[in-house]
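Shown next, in structure tokens, is the structure this report addresses.
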Amino acid sequence: MTPSRRQTLQWVMAAAALPLARWTSPALAAGPGTPAPFEVVAWPPTLPPPPPAQGYGRDPNLMEPKVTWPLTLSTAQRATVDMLGDMILPADGKSPGAGALGVGGFVDEWISAPYPVQRRDRELLLGGLIWLDAQSRALHQAEFTAITASHRAALLDALTVETPDARLAKPVAFMDGLRYLFVLGYYSLEEGKADMGYIGDQPTPGEYPGPTPEALAHYAGVLRELGLPTD
Amino acid sequence: MTLDTFDPATTTVDVIIVGSGAAGGMAAFSLTQAGLRCLILEAGRDYDPQSEVNMMAPESAAPLRGAATPDKPFGYFDATVGGGWEVDGEPYTMREGSDFRWYRPRMLGGRTNHWGRHAPRWGPYDFKPFSRDGLGVDWPIGYDDVAPFYDRVERMIGVNGGRLELENHPDSPANCLMPPPKPRVPEMLLKATCESMGIPVRAAHTAVLTRDMPHDVAPRSACFNATPCTRGCTIGAFFQTTTSFLPIAKATGRLTVVTDAMVSKVVMAGKDRAAGVEYVDRKTGARHKVEARAVVLAAGTLETTRLLLNSGESPAGLANASGELGRNLTDSTGASFRAFVPALADRPRYNEDGIGGQHVYIPFWLYGEQKRGELDFARGYHFEIGGRFGIPPAATLPRVWGAGLKKAVRAASGATIGMTLRGEMIPNKDTFCEIDQGVKDRFGIPVLRFSFRWSQHELNQVAHGQRIAHAVFKRMNATILSPELPPEKLITAGGEIIHELGTARMGADPRSSVVDSYGQAWDVKNLFLMDGAIFASGAHKNPTLTILALALRASERLAARLKSGALA
Ligand SMILES: Cc1cc2nc3c(=O)[nH]c(=O)nc-3n(C[C@H](O)[C@H](O)[C@H](O)COP(=O)(O)OP(=O)(O)OC[C@H]3O[C@@H](n4cnc5c(N)ncnc54)[C@H](O)[C@@H]3O)c2cc1C
Ligand code: SF4
């Protein structure tokens with residue numbers, strides 16, 4: 001009786017009109033793609049079941065939000081995730097890197113949660129972390145965190161091609177999932193909002209001021225560009 | 001508001017009201033104003049938005065960044081208490097081949113605590129659909145009968161909006177509406193694009209105050225343009241009964257509210273007279289009876305009908321001489337479309353929060369074409385609109401990592417526009433609810449079983465909406481993100497839009513309807529239904545404003561009859 005994730009997400013997006021978009025991963029392109037630049041190691045067989053955990057229930061105290069399940073990443077896995085976070089969303093002149101901001105903790109919280117979507121993501125992400133170490137060892141005789149930065153970058157490049165080879169489908173899906181979890185985890189923090197230039201979450205009594213003169217000037221340009229009436 | 005001292009055996013009230021949402025809240029407000037002593041029995045727990053709504057916390061303070069889960073289907077901070085698509089210990093079932101969802105909270109104020117607040121008036125065609133196209137039935141009342149109540153309800157609950165000036169979209173008289181907020185850039189672009197294609201875009205009518213509403217007991221403040229409304233509103237800016245009707249009714253001294261009181265049936269004092277109701281204390285499981293001169297059912301369309309089906313002597317249920325109880329169930333149709341608009345990428349930032357939800361929308365505009373037989377579906381639909389700065393959806397981001405990904409996120413923020421379709425469903429014989437005698441809830445009350453089917457009208461309607469939405473997106477040179485789907489795949493499941501209506505419909509003839517136009521049961525003269533169950537048809541327009549207007553009209557008639565002794 002639970003609606004599909006797609007429907008729920010669409011409903012929430014449209015009806016509740018939350019300013020933060022929800023996480024959905026794009027469909028993987030089918031068919032023959034960019035050839036894998038290396039011999040691809042096998043995806044790990046089934047993972048051990050997650051330890052028992054409790055959800056927060058249908059009536060949690062919303063004034064004191066609490067994660068009710070234990071985090072389950074090992075220290076080594078968490079280090080890999082943090083390193084990946086700093087590669088996927090690195091520090092630059094505008095904002096810090098995702099690993100440094102602790103977004104890896106959010107990834108851990110997500111894949112440890114006892115809900116169906118998160119349980120599916122756990123399979124994908126834990127499987128992916130195991131695969132990544134196996135692939136690193138096959139290529140460079142060391143785990144992902146111990147190989148050189150340029151080797152790590154080459155691996156990530158292979159996992160972010162637009163049309164992956166069939167043998168890389170699962171690893172690419174893993175990287176898609178991880179990338180979007182990092183986007184969600186990072187851009188919902190103050191630092192991420194600042195990075196996007198998000199202005200809001202400020203009580204503004206009185207009439208809603210609407211777009212600024214700069215925003216209106218840009219909009220007038222959009223109308224001209226699209227050949228729409230400007231009156 | 002639970003009364004520890006409440007003693008059901010010795011309580012004497014004039015009216016028992018079952019439920020405290022839109023309909024029950026209005027009944028309590030109106031009847032106590034009229035001097036009647038009322039008792040609300042509410043299945044959910046007591047709820048105080050002032051102390052329980054975490055209005056300002058960022059989503060990052062919530063588990064999973066506030067993402068939807070089976071425990072909280074509309075996100076962690078959403079105000080729904082104790083329920084959602086499922087309520088623990090209170091199941092429902094479906095006939096083979098049906099897909100139906102029933103959204104229920106268990107809290108004082110019902111679904112008004114977290115509703116979407118889109119509050120359009122219905123128009124003349126919506127009350128006389130049979131006269132227009134020969135499908136379904138006409139209501140026993142027309143727009144002119146409801147209009148004065150719309151005027152009053154808009155002022156009572158606080159609705160903002162602008163003029164529509166369109167066929168079958170009546171405008172409010174002066175002084176009914178508060179001014180609407182300015183549109184945001186994506187909304188302005190949608191308006192310019194649609195109007196170039198002959199599609200109207202208008203200020204939405206939204207039950208959010210844009211001006212203060214002073215009151216001795218329940219003062220409400222104008223919206224401060226900042227927070228997600230579905231969490232609830234501690235300043236009372238959007239309409240929910242817990243910050244308006246219920247405190248005002250309590251202040252008269254004539255309202256008692258008992259929460260955690262799950263009404264199980266209407267108790268009779270004779271063949272055509274209700275004595276009161278029986279309810280189960282949710283905390284102790286104890287059963288109680290309460291008596292009153294009249295009973296108002298306002299438990300939400302489907303729960304009201306379930307109560308009647310579970311009451312009375314006949315296996316067909318109470319007040320069901322017509323056989324219409326449980327039939328004529330409708331929900332709105334729903335479908336969502338979304339696109340990435342390159343022209344909006346990297347646009348200048350400004351505060352785009354505004355009042356929660358859309359500032360403009362697309363009302364149905366093809367009545368002329370429909371009348372001329374140029375459309376392949378009957379009845380209408382509208383589009384609700386979304387598009388604001390925020391985290392861009394994954395589908396707008398290229399498969400890149402590093403500096404390129406950060407750049408892509410910045411560019412795509414605020415460059416997505418959504419059009420969400422809501423349309424009218426015509427009642428059909430395969431869509432109804434009934435009692436499943438084999439399944440009981442944790443209180444021992446038999447549960448509802450649903451049968452649901454969309455007809456070709458609804459399927460053609462959403463297919464039409466998809467063509468329109470995609471044409472609008474193409475005119476903006478946008479990349480469509482929602483896949484092109486056949487209508488059976490596009491349309492939402494029954495109940496999913498949470499506009500269930502019509503299972504105890506009103507009419508002019510007791511042989512084909514359950515209640516009269518004032519919600520009075522034909523078969524039980526002191527029993528009144530006041531929620532969406534009494535609707536003779538749906539409309540594409542969201543129902544709550546009409547539920548409130550009809551509940552006000554019915555409550556005033558009930559008060560007059562109780563005072564004149566007509567129900568004695
Ligand atoms: C997420 C969401 C978005 C929505 N958006 C919109 C919108 O934009 N516009 C619009 O017009 N409508 C919208 N709606 C629908 C709107 O909320 C309902 O139409 C409206 O609340 C119906 O009012 P009601 O009084 O019939 O039922 P409710 O508000 O549901 O109240 C019924 C009350 O009765 C109680 N009850 C049930 N059974 C029993 C029992 N056996 N004994 C005692 N008490 C009982 C319930 O606990 C509840 O408190 C939305 C709903 C949801 C959930
Ligand atoms: S946006 Fe306005 S109406 Fe909505 S919760 Fe915030 S203050 Fe209340």
Side-chain angles (χ1 to χ4, degrees), chain A residues 1-3 7-8 10 12-21 23-26 55-59 62-63 65 67 87-90 92 110 113 115 156 160 162 180 183-184 187-189 196-205 208 210-212 214-215 218-219 222-223 225-226 228-229, chain B residues 52 54 59-65 68-71 73-74 77 81-83 85-86 101 116 181-182 185 188-189 192-193 196 224-226 228 230 336 343 347-351 353-354 357 384 386 388-395 399-403 405-406 409-410 413 418 420 476 496:
Chain A
M1 274 187 277
T2 311
Q7 287 164 322
T8 310
Q10 286 181 342
V12 169
M13 289 282 307
L18 290 174
L20 304 181
W23 178 68
T24 48
S25 49
Y56 45 66
R58 299 194 204 279
D59 188 9
L62 301 183
M63 301 307 286
V67 175
M87 293 176 75
I88 291 169
L89 296 170
D92 60 12
W110 186 277
Y115 298 110
L156 243 66
T160 45
E162 270 312 317
Y180 288 111
V183 167
L184 173 63
Y187 286 97
S188 47
L189 296 175
M196 282 192 293
Y198 184 80
I199 302 170
D201 303 334
Q202 293 300 323
T204 311
Y208 170 62
T212 54
E214 297 75 52
H218 173 268
Y219 170 66
V222 168
L223 291 183
E225 180 190 327
L226 295 175
L228 289 166
Chain B
E52 297 193 58
N54 201 338
E59 292 289 335
S60 59
L64 309 175
R65 298 294 198 259
T69 66
D71 279 340
F74 295 140
F77 282 122
V81 164
W85 298 112
E86 287 165 50
R101 282 147 205 175
K182 291 194 182 82
V185 165
M188 293 166 70
L189 176 60
T193 309
S196 79
F224 58 42
N225 309 301
T230 48
S336 301
R347 63 193 169 97
R349 276 22 184 184
Y350 67 97
N351 187 337
D353 283 356
E384 299 174 14
R388 291 158 72 177
F389 290 115
I391 303 179
R399 192 176 270 145
V400 295
W401 63 277
L405 182 57
K406 274 184 147 179
V409 170
R410 289 168 199 149
S413 177
T420 302
M476 288 180 208
E496 210 180 334

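All chains are named by letter (A, B, ...) in the order of the sequence lines, taking the proteins before the strands, and each is independently numbered beginning at 1. The analysis underlying the following values was restricted to heavy atoms, covering all of them including side chains, and did not include hydrogens, waters or symmetry mates.
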Rounded to the nearest 0.5 Å, how far does OG1 of A:Thr160 lie from CZ of B:Arg399? 8.5 Å
The reported gap from CD in B:Glu59 to OG in A:Ser188 (rounded to nearest 0.5 angstrom) is 8.0 Å
Could you pull out the closest heavy-atom pair between B:Tyr350 and A:Ala215, with the gap in Å? CD2-CB, 3.5 Å
Student check: side-chain heavy atoms of B:Phe389 and A:Ile199 closer than 4.5 Å: no
I'd like to check A:Pro65 versus B:Phe77 (side-chain heavy atoms, cut-off strictly below 4.5 Å). Are they in contact? yes
Checking B:Arg65 against A:Leu189 for the side-chain contact (heavy atoms from CB on, under 4.5 Å) test, could you report, in this order, the C-alpha distance in whole Å, the side-chain angles of both residues, the deciding distance, and whether it holds? CA-CA 9 Å; B:Arg65 298 294 198 259; A:Leu189 296 175; 3.5 Å; yes
If we count only N and O atoms by modelled type, under 3.5 Å, do the side chains of A:Tyr187 and B:Ser413 hold a donor and an acceptor together? no
Could you pull out the closest heavy-atom pair between A:Tyr208 and B:Pro181, with the gap in Å? CB-CB, 4.3 Å
Part of B:Val81 lying under 4.5 Å from any heavy atom of chain A: both
Identify the heavy atoms of B:Ala343 and A:Val222 that sit nearest to each other, and give their distance. O-CG2, 3.4 Å
If you count heavy-atom pairs under 4.5 Å with chain B, which of A:Pro203, A:Gly55, A:Pro205, A:Pro229 comes out on top? A:Pro203
Would the distance check show the side chain of B:Lys406 and the main-chain N or O of A:Pro90 forming a donor-acceptor pair, the cut-off being under 3.5 Å? yes
Any sub-3.5 Å donor-acceptor pair from B:Asp353's side-chain atoms to A:Gly200's backbone N or O? no
Considering only heavy atoms and a distance below 4.5 Å, find which of B:Arg410, B:Lys182, B:Met476 pairs most often with chain A. B:Arg410
Can any side-chain N or O of A:Tyr180 pair as donor or acceptor with the backbone N or O of B:Ala394 at less than 3.5 Å? yes
Measure the spacing between CG of B:Leu64 and OH of A:Tyr115 and express it to the nearest 0.5 Å. 7.5 Å
If you define the side chain from C-beta out and look only at heavy atoms, does anything of B:Leu189 sit under 4.5 Å from A:Leu226? yes
In Å and rounded to the nearest 0.5 Å, what is the CE to CG distance from B:Met188 to A:Leu228? 12.0 Å
Point-to-point distance, once rounded to the nearest 0.5 Å, from CE of A:Met196 to CZ of B:Arg349: 8.0 Å
B:Gly82, B:Ala61, B:Gly418, B:Ala403: which one forms the most heavy-atom pairs within less than 4.5 Å of chain A? B:Gly82
Need one label for A:Tyr219: side chain, backbone, both or neither, based on atoms under 4.5 Å from any heavy atom in chain B. side chain
Tell me, for A:Glu225 versus chain B, whether the close heavy atoms (under 4.5 Å) come from the side chain, the backbone, both or neither. side chain
What's the separation between atom CG in A:Asp201 and atom CG in B:Asn351, rounded to the nearest 0.5 Å? 8.5 Å
Best-contacting candidate, B:Ser196, B:Gly83, B:Ala62, B:Ala192, against chain A by heavy atom pairs under 4.5 angstrom: B:Gly83
Flag the one option from B:Asn225, B:Asp71, B:Asn54, B:Val409 with the top tally of heavy-atom pairs under 4.5 Å to chain A. B:Asp71
